[in-house]
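Down below is the structure, laid out as structure tokens.
What's counted below: heavy atoms across the whole structure, side chains too, no hydrogens, waters or symmetry copies.
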Amino acid sequence: MAIYIINGGVGKHIAFTALIDKLAEKGEVQMMTAYPDVFRHHPKVKASYSHEEPGLYDRVPRDTDIVFREPYYSPFVFAKTHLLYEWAKLLGIEYEGELPQWHSCKKWYREAKEVIKKIPKKKFILVQFGGGQSPYDVNQPRVFIPQGQRRAYPLNMAQDFINQFTKAHPDIAVVNYSMVNEEYSHLGGCCVLNTAYWLYPELLKASMGFVGIDSSLQHMAAGVGVSGVVIWGATGPEQFGYSIHGNISNTTNHHMRPLCVRFGDNKNADGSMWVDRDILSTAVPVDKLMEVTDVMLDMKLNKEETKGIAEEDCDCDDDCGEDCKCKGA
């Protein structure tokens with residue numbers, strides 16, 4: 001039996017689910033993470049624990065393997081290979097392009113249905129133009145420090161896109177996947193739901209797709225097989241992306257700083273703030289983003305690709321009420 005420990009954001013956790021099937025071939029899989037809900041209903045995960053669960057190691061058998069492999073401390077920092085390729089190599093398995101897996105339950109299904117009722121139009125897309133903040137920080141009294149020029153789409157261009165999109169598609173609502181203390185949550189013309197992150201995969205199933213950056217929404221969408229448009233800047237799809245999506249960039253120079261990704265800071269060696277002006281000046285033009293988004297919508301409309309959500313499709317048979325028996329609950 002092994003307990004796999006993961007650090008980092010929710011998107012990184014969702015990405016890890018692409019490796020679970022092969023890890024399960026080696027032995028029983030348990031998880032210890034900051035986001036246990038990502039793994040709670042996975043059929044090949046026996047238990048999913050929070051980092052903060054008291055007395056955990058007192059209950060774990062002494063012969064349990066405690067496995068922590070950090071891909072941000074690997075050749076991945078040189079930005080030449082995919083995160084999952086290097087992570088798999090560290091774990092002694094082979095990554096062959098598997099997509100993440102998101103598994104839900106009946107309780108989440110019911111909650112997602114109620115959330116969808118708050119969206120003002122039947123058809124909708126989801127957008128995420130900034131990221132990097134933990135969804136658990138949503139009510140914390142602190143100032144959000146955006147990921148800025150590394151990954152975020154410029155705020156004024158994001159607003160311009162929404163303005164153009166709502167004018168061209170008045171029958172499609174724009175749902176903003178942003179935390180309430182992010183500057184991107186104030187974009188006009190959007191519906192802000194302020195709901196739990198684990199419901200968004202269900203919303204994606206009912207959506208017309210998404211438009212976002214390199215952040216958690218694109219990993220969620222891949223996990224439920226929903227395609228969308230991903231805007232790339234300092235990072236590239238060869239590092240964090242999936243072929244299921246329409247990956248768009250205005251530069252071939254995806255030059256993620258190794259130290260920035262390794263230590264998670266925004267400062268240069270001399271202590272000055274790092275600003276990647278090249279990425280700002282080469283941001284994907286709004287007109288180009290509109291064009292690619294329209295192609296995505298046309299494909300979904302022509303092929304009727306909207307998946308929808310259905311209770312019988314839930315992966316967990318538990319009703320998830322007060323006596324929920326879900327793993328790690």
Side-chain angles (χ1 to χ4, degrees), residues 112 115-131 146 151-180 182-195 199-222 224-233 237 241-251 279-309:
V115 169
I116 288 173
K117 291 178 182 178
K118 300 178 183 179
I119 301 173
K121 298 169 184 175
K122 183 176 180 180
K123 297 177 183 177
F124 63 93
I125 65 168
L126 289 91
V127 297
Q128 182 186 25
F129 295 113
R151 289 158 50 193
Y153 195 54
L155 188 63
N156 64 316
M157 297 177 73
Q159 185 64 71
D160 189 11
F161 169 80
I162 292 170
N163 293 343
Q164 290 192 35
F165 183 89
T166 53
K167 183 177 180 180
H169 304 283
D171 61 329
I172 302 178
V174 178
V175 175
N176 190 351
Y177 175 79
S178 290
M179 303 298 104
V180 294
E182 293 178 13
E183 57 183 348
Y184 286 88
S185 68
H186 303 296
L187 290 167
C190 296
C191 173
V192 179
L193 299 172
N194 189 25
T195 192
L199 299 186
Y200 277 97
E202 300 302 319
L203 270 63
L204 280 161
K205 293 178 186 178
S207 75
M208 298 295 296
F210 75 95
V211 177
I213 59 164
D214 166 24
S215 199
S216 58
L217 192 63
Q218 71 123 349
H219 297 288
M220 288 181 180
V224 292
V226 173
S227 59
V229 178
V230 183
I231 311 162
W232 296 91
Y242 308 99
S243 59
I244 186 177
H245 301 320
N247 297 298
I248 178 174
S249 172
N250 205 38
T251 176
I279 295 301
L280 278 177
S281 63
T282 57
V284 174
V286 175
D287 290 346
K288 179 64 175 178
L289 183 56
M290 276 292 299
E291 179 184 331
V292 176
T293 302
D294 284 341
V295 169
M296 173 192 75
L297 291 174
D298 287 343
M299 291 176 61
K300 289 179 180 291
L301 288 169
N302 291 337
K303 296 181 180 180
E304 297 182 349
E305 287 187 0
T306 301
K307 296 167 71 70
I309 57 177

> Would you say the side chain of D160 lies within less than 4.5 Å of the side chain of Q164, judging by non-hydrogen atoms?
Replying inline: yes
>> Within this structure, what is the CD-CG distance for the pair Q218 and N247, rounded to the nearest 0.5 Å?
In response: 7.0 Å
> Closest heavy-atom contact between S215 and Q128?
Replying inline: OG-NE2, 3.2 Å
>> Nearest 0.5 Å, please: how far is NE2 in H186 from CG in L155?
In response: 9.5 Å
> If you look at every heavy atom in F124 and I172, which pair is closest and at what distance?
Replying inline: CA-CG2, 3.7 Å
>> If you compare all heavy atoms of V226 against all heavy atoms of G209, which two are closest, and at what distance to 0.1 Å?
In response: CG1-CA, 4.3 Å
>> Let me confirm one number: the CG-CG distance from L126 to N176, rounded to the nearest 0.5 Å.
In response: 9.0 Å
> If every non-hydrogen atom of Y184 is compared with every non-hydrogen atom of A152, which pair is closest and at what distance?
Replying inline: OH-CB, 3.5 Å
>> For D171, is there any backbone N or O sitting under 3.5 Å from a side-chain donor or acceptor partner on K122?
In response: no
> How far apart are the closest heavy atoms of F161 and M290, and which atoms are they?
Replying inline: CE1-SD, 3.6 Å
> Y177 versus L203: any side-chain heavy-atom pair under 4.5 Å?
Replying inline: no
> Which is it for L297 and I125 under the side chain to side chain contact (heavy atoms under 4.5 Å, CB included) test, yes or no, and what are the steps along the way?
Replying inline: CA-CA 9 Å; L297 291 174; I125 65 168; 4.0 Å; yes
> Is there side-chain contact between Y200 and V115, with at least one heavy-atom pair below 4.5 Å?
Replying inline: no
>> Which label fits H245 and Y242: parallel for a plane angle under 30°, tilted from 30 to 60°, or perpendicular past 60°?
In response: perpendicular
> side chain to side chain contact (heavy atoms under 4.5 Å, CB included) between C191 and K121: does it pass, once the steps are laid out?
Replying inline: CA-CA 10 Å; C191 173; K121 298 169 184 175; over 6 Å; no
> How long is the gap from CG on L199 to CG on L204, to the nearest 0.5 Å?
Replying inline: 11.5 Å
> Would you call S227 and I244 a side-chain contact if the rule is heavy atoms closer than 4.5 Å?
Replying inline: yes
>> Between V230 and L217, is there a side-chain heavy-atom distance shorter than 4.5 Å?
In response: no
> CG/L289 to CE/M157 distance, rounded to the nearest 0.5 angstrom?
Replying inline: 8.5 Å
> D294 and E291: side chain to side chain contact (heavy atoms under 4.5 Å, CB included), yes or no, with the steps?
Replying inline: CA-CA 5 Å; D294 284 341; E291 179 184 331; 5.9 Å; no
> Nearest heavy-atom pair of I119 and A173: which atoms, and what distance?
Replying inline: CG2-CB, 3.9 Å
>> Could you check whether any side-chain heavy atom of V211 comes within less than 4.5 Å of a side-chain heavy atom of F129, counting everything from C-beta outward?
In response: yes
> Given side chains that start at C-beta, do those of V175 and S207 come closer than 4.5 Å, heavy atoms only?
Replying inline: no
> Side chains of L187 and V127: does their closest heavy-atom pair fall under 4.5 Å?
Replying inline: no
> Nearest 0.5 Å, what's the CH2-CD1 distance between W232 and I248?
Replying inline: 12.5 Å
